[in-house]
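Predicted, not measured: the structure shown is a model, and the values here were computed from it.
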Amino acid sequence: MTMQLFRLDSVRWRPLRTRLSPVFTSGKLKDMFHLVLNCSDHFEKYLNETVSKDGIVECRNLTSKFTVDVIGSCAFGLEINALKEENNKFQKIGRRMFRATPKIMFRNVFREIPWIYKHLGYILDDHDVTEFITNITRDTIKYRKRNNVRRHDFIDTLIDLKDNPDKLGVNNVTDEFIAAQSFVFFAAGFETSSSTMSYTIYELAQNQSVQEKVREEIKEVLNSNNGAITYDNIKKMSYLEMVFKETLRKYPPVMFLTRKPVRNYTFEGTKIDLRKGLEVVIPISAIHNDPNIYPDPEVFDPERFSAENMGQRNSMYHLPFGDGPRNCIGARFAINQTKIGLIKVLMNYKIDVCEKTQIPIVHAPLSSLMLQTTHGIYVKLTKLA
């Protein structure tokens, strides 16, 4: 699964990025919007059925059911039914991808030493995850080709690449290469969005004035459109956008990025040299929590992202989706998915802390690329009248 967009070198990355980008245009996102809304309606129904009398919920489990259903519908054209099945296979696989264990840490270390990883990497591979993603991708493609099904979605794009490998400048595209692209779409859409939803809910439970303000904005915007959530009216929710950005500032799903210069480079006006091939670590979490950039970084303050305050900062001080040519290809999809899920929660429930809420939250020491918690994220939901 390492042959995916997130890890490929620049030579192989560029043609693949060019071919996958059309899946995430504004037009395609609008076409998929009704699928996300449909999943959010199921999510709302699930909340109504499962929130117990004491109202205590574990956010990561709750939100991941929603995001895995969205990814299944929009990327694979499948009804995953994570909101209906308690031990859903897709959700289990999604959790396994991002668990923090010594094995995962060893694998990440060895990956930076190619000659060792080439010979020992297979021992540390999650074979069941690889097999599951490869099979579901292969079976979906076979079904569509056999039944002449076209949905103009992510899978259709992968079919086109497999049938026309010359578009990537190669003679053959393997099933494993195609499955790797499914893997990164599924993994990124599943974990990053559910994580951001969970941390937003956690912070709103502790900041009631922020919660009320964002709820009032949502009500106002929706009431101006007969209560309907649309692609365009989400963009009008400016305070929700500020809350969203502050959550990503405080809890960036990806804590760091790595890049390698393709040529020697000296930063203008400095003596800082980068050698070709040198690995450069961009410490996103450290930047986002730097008190010289964001005073009192432990404080949750959406006003940091008002238009005025943002105008006074370098845009490189906020990198939840990376930046430049290799920024997150699915950023706009993730933003829509996350905001719709949050709207459903805020319009139906008041969020409070409870006896199981961990304050401050403790993150797993074995977390590597993705932020993980040790305790889960618990809050209390109370149905609004």
Just wondering, more than 12 heavy atoms not from [X] lying within 6.0 Å of its [atom1]?
| X | atom1 | value |
| --- | --- | --- |
| K142 | NZ | no |
| Q358 | CD | yes |
| K28 | NZ | yes |
| E220 | CD | no |
| R275 | CZ | no |
| N147 | CG | yes |
| K45 | NZ | no |
| Q312 | CD | yes |

Where [X] and [Y] come nearest, the two heavy atoms and their spacing:
| X | Y | answer |
| --- | --- | --- |
| V379 | C354 | C-SG, 4.0 Å |
| S73 | R151 | O-NH1, 3.4 Å |
| L8 | W13 | O-CB, 3.9 Å |
| S224 | V221 | OG-O, 2.5 Å |
| N264 | K276 | OD1-N, 2.8 Å |

Q.
Suppose we call two aromatic rings close when their centres sit under 6.0 Å apart. Are Y265 and F267 close by that rule?
A. yes
If we only count heavy atoms from C-beta on, is the [X] to [Y] side-chain gap below 4.5 Å?
| X | Y | answer |
| --- | --- | --- |
| V36 | C74 | yes |
| S193 | T338 | yes |
| K271 | T266 | no |
| P320 | I284 | no |
| K383 | L47 | no |
| V243 | V210 | yes |
| T247 | Y202 | no |

Q: Show your working on side-chain hydrogen bond (donor to acceptor under 3.5 Å, both in side chains) between Y251 and E203 and close with a plain yes or no.
A: CA-CA 11 Å; Y251 308 100; E203 287 293 343; 2.5 Å; yes
[X] with [Y]: basic N within carboxylate O range, under 4.0 Å:
| X | Y | value |
| --- | --- | --- |
| E217 | K339 | no |
| E212 | R215 | yes |
| K162 | D175 | yes |
| R60 | E191 | yes |
| K145 | D156 | no |

(Q) Within 45 degrees of the ring normal and closer than 6.0 Å to the centroid, is that where the cationic atom of R304 sits relative to Y294? (A) no
(Q) Does the Lys NZ or Arg CZ of K344 fall within the cation-pi geometry relative to F43 - under 6.0 Å from the ring centre and within 45° of the axis? (A) no
Q) Which pairs, with at least one residue in residues 296-329 and sequence neighbours excluded, count as a ring-ring contact (aromatic ring centres under 6.0 Å, His included)? A) H288-H318, F305-H318
Q) Regarding Q206 and D352, is there a side-chain donor-to-acceptor distance under 3.5 Å anywhere? A) no
Q) Looking just at side-chain N and O atoms, do S26 and R332 make a donor-acceptor pair shorter than 3.5 Å? A) yes
**Q.** Residue pair F66, Y46: steps toward the side-chain contact (heavy atoms from CB on, under 4.5 Å) verdict
**A.** CA-CA 9 Å; F66 167 61; Y46 177 80; over 6 Å; no
**Q.** Polar side-chain atom of Q181 near backbone of L158 as donor-acceptor pair, under 3.5 Å
**A.** no
Q.
Can you classify the ring geometry of F76 versus F186 as parallel (below 30°), tilted (30 to 60°) or perpendicular (above 60°)?
A. perpendicular
Q: Return the orientation label for the F185 and F24 ring planes: parallel under 30°, perpendicular over 60°, tilted otherwise.
A: parallel
**Q.** ring pair (Phe, Tyr, Trp, His ring centres under 6.0 Å) involving H375 - partner list, sequence neighbours excluded
**A.** Y378
Q: Apply side-chain contact (heavy atoms from CB on, under 4.5 Å) to I155 and R144, showing your working.
A: CA-CA 9 Å; I155 288 292; R144 290 198 186 184; 3.5 Å; yes
